[in-house]
Amino acid sequence: THTFPGSTLQWATANLNVDTFSDGTPIAHAQSNFDWSNYALNGTPAWACFDNDPQNCDRYGKLYNGYAVADPRGLCPTDYVVAGDDDWARSVGSSAMAIRATTGWSENGAGRSTDFMALPGGYRGVEGIFRYAGTSALFWTSTGSRSGYQWMRYVDAGSNDIIRQDARLGAGMSVRCVSGANASVSRVVLPEANPSATSGLAGVSNQVAGELTGSDPTRAGGSPYDEFVVQAQEGDQLFARMESSAFDTYLEIVRPDGSSWTNDDYEGTSVSQLDVTAESSGTFRIRATAYNSGGRGAYTLSYRVRPGLN
């Protein structure tokens, strides 16, 4: 363990690397982007190794989503808890150089710590994309900031400061455990559960078994499409996933102003997926289509609008 000057808290000297809660219950291992984003959407605790490489778990520890940190079963060993926002503020302070390890960092990011030894374990976004390994260390705290978000600490190779900001619970970051009489207790602010209702309501997944045919309307270029209309407020999350074994899928979400988000090959040519945030309120059109004008055949589409958490 490591104790910072002026503090009695005892910090673990490595990132957490467990796949069960403290009571032995397994935590979901999310490898695919779809599984990770789906766990985030449903508030399910999950972990991953950066780039799904077990060697990165050995080196950096696991990346946990915020729901794993929030779970009352606990992640840390006996007598330890996930470090809270106050623990970081009172004990660690704001000097990145003081906690970055002397090796393992790119871009001249090495620090002077031989005990806390923060390593650049990277980050996994809510959509499942891995980022920043080698250049950044991101740590959850156990303290909620607002509904669906909690405080974290961001240590970058190019900065001398430890940055405090909040992040969505669906993101994946490293965890440090701490022990001591004054250690913070978990105060994560969970969002309200998704409603359970019929299709068309925010937060509810809509499932479609469709087919592209020659009688469908066409996009520029001649590709047929089926359109599904949803209402969303600024800050809402719009998710859509299209799969087909008959043609090269192409997915489009048209904004109220006519511009659009698009995706072609999310997981090969048979899967397209979008997970985006509405920048304004209004009517959004989800178009299930084909990459080529000759695309025809059966497909499945799942889509949902989840209320924003900000």
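We count residues from 1, following the sequence as given.
A distance of 9.5 Å separates CZ in R241 from OG in S272, rounded to the nearest 0.5 Å. Between the CG atom of L251 and the OH atom of Y225 there is a distance of 14.0 Å, given to the nearest 0.5 Å. Remark: Y60 OH to S174 OG distance equals 10.0 Å, nearest 0.5 Å. In this structure, C177 SG and L16 CG are separated by 4.5 Å, a value rounded to the nearest 0.5 Å. Distance check, rounded to the nearest 0.5 Å: CD1 of I27 to OG1 of T44 gives 12.0 Å. S136 contributes atom OG, which lies 12.5 Å from atom CG of L119 (distance to the nearest 0.5 angstrom).
Residues F139 and W105 fall within the same hydrophobic cluster, defined by Ile, Leu, Val, Met, Phe, Trp and Tyr side chains chained together at heavy-atom separations under 4.5 Å. Criterion: ILVMFWY side-chain heavy atoms under 4.5 Å apart, direct or through other members. Under it, L169 and V126 are not part of a common hydrophobic cluster. Clustering ILVMFWY residues whenever any of their side-chain heavy atoms sit less than 4.5 angstrom apart, transitively, puts Y154 in the very cluster that holds V69. Using a 4.5 Å cut-off between side-chain heavy atoms of Ile, Leu, Val, Met, Phe, Trp and Tyr, with links allowed through other members, V175 and M173 fall into the same hydrophobic cluster. Grouping the Ile, Leu, Val, Met, Phe, Trp and Tyr side chains by contacts below 4.5 angstrom, directly or via other members, places Y266 apart from Y291.
At a threshold of 4.5 Å between non-hydrogen side-chain atoms, the residues N160 and R100 count as touching. R153 has its side chain within reach of D85: a pair of non-hydrogen atoms, C-beta onward, lies under 4.5 Å apart. Residues T3 and W11 are not in side-chain contact: their nearest non-hydrogen atoms beyond the backbone lie 4.5 Å or more apart. For the pair T78/S22, no side-chain contact is recorded, criterion being any heavy-atom separation below 4.5 Å from C-beta on. Side-chain contact between I253 and R285 is absent, with no heavy atoms from C-beta onward closer than 4.5 Å. Annotation: side chain of Q273 is in contact with side chain of S37 (closest heavy-atom distance under 4.5 Å). Under the 4.5 Å side-chain criterion, counting only non-hydrogen atoms from C-beta, L238 is not in contact with L274. Side-chain contact between I163 and D156: absent, with no pair of heavy atoms (C-beta onward) separated by less than 4.5 Å.
Between the side chains of S215 and T213, at least one donor N or O sits under 3.5 Å from an acceptor N or O. Using modelled atom types and a 3.5 Å distance limit, the side chains of D166 and S145 yield a donor-acceptor pair. With hydrogens and angles left out, the side-chain atoms of S281 and Q233 include a donor and acceptor closer than 3.5 Å. D23 and T25 form a side-chain donor-acceptor contact under 3.5 Å, judged by distance and modelled atom types alone. A side-chain donor-acceptor contact under 3.5 Å links R124 and N33. For the residue pair Q150 / T143, no side-chain donor-acceptor distance below 3.5 Å is found, with atom types taken as modelled.
Pairs engaging residues 212-221 under the salt bridge (Lys or Arg N to Asp or Glu O under 4.0 Å) rule: R219-E252 [sequence neighbours left out]. Within the structure, every pair that satisfies the salt bridge (Lys or Arg N to Asp or Glu O under 4.0 Å) test and touches residues 63-77, not counting sequence neighbours, is listed here: D71-R73. Applying the salt bridge (Lys or Arg N to Asp or Glu O under 4.0 Å) test to residues at least two apart or on different chains, none of the pairs has a partner in residues 50-63.
Residue P224 comes nearest to T289 through the heavy atom pair O-OG1, 2.6 Å, listed as atom of the first residue, atom of the second, then distance. Of all heavy-atom pairs between E243 and T249, the closest is C-CG2, 4.1 Å. Shown here for G295 and F247, the closest heavy-atom pair between the two residues is CA-CB, 4.0 Å. The two residues M152 and T141 have their closest heavy-atom pair at CA-CG2, 3.9 Å. Shortest non-hydrogen contact noted between A232 and A278 is CB-CB, 4.4 Å. Summarising the geometry of G170 relative to W36, their closest heavy-atom pair is O-NE1, 3.1 Å, with the distance given to 0.1 Å.
Aromatic ring centres of F116 and F4 lie closer together than 6.0 Å.
Among residues two or more places apart in sequence or in another chain, the side chain to side chain donor-acceptor pair (under 3.5 Å) test is passed with T218 by none. In this structure F50 satisfies the ring-ring contact (aromatic ring centres under 6.0 Å, His included) test together with F130, sequence neighbours excluded. Take Q165 and apply the side chain to side chain donor-acceptor pair (under 3.5 Å) test, not counting sequence neighbours, and it matches no residue. By the ring-ring contact (aromatic ring centres under 6.0 Å, His included) test, F228 is found to be paired with Y303, residues two or more places apart in sequence or in another chain being considered. Partners of W47 according to the ring-ring contact (aromatic ring centres under 6.0 Å, His included) rule, which considers only residues two or more places apart in sequence or in another chain, are H29. In terms of the side chain to side chain donor-acceptor pair (under 3.5 Å) criterion, T103 has no residue partners (sequence neighbours excluded). Shown here are the side-chain contact (heavy atoms from CB on, under 4.5 Å) partners of S280, two or more places apart in sequence or in another chain: P256. When the salt bridge (charged side-chain N to carboxylate O under 4.0 Å, His left out) test is applied to R176, no partner is found at least two apart in sequence or on another chain. Residues satisfying the ring-ring contact (aromatic ring centres under 6.0 Å, His included) criterion with Y299, sequence neighbours excluded, are absent altogether.
Between the N38 side chain and the D35 main chain, no donor and acceptor come within less than 3.5 Å of each other.
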- Message: For W88 and I99: C-alpha separation, side-chain torsions, deciding distance, then whether side chain to side chain contact (heavy atoms under 4.5 Å, CB included) applies.
- Response: CA-CA 11 Å; W88 280 89; I99 66 169; 4.2 Å; yes

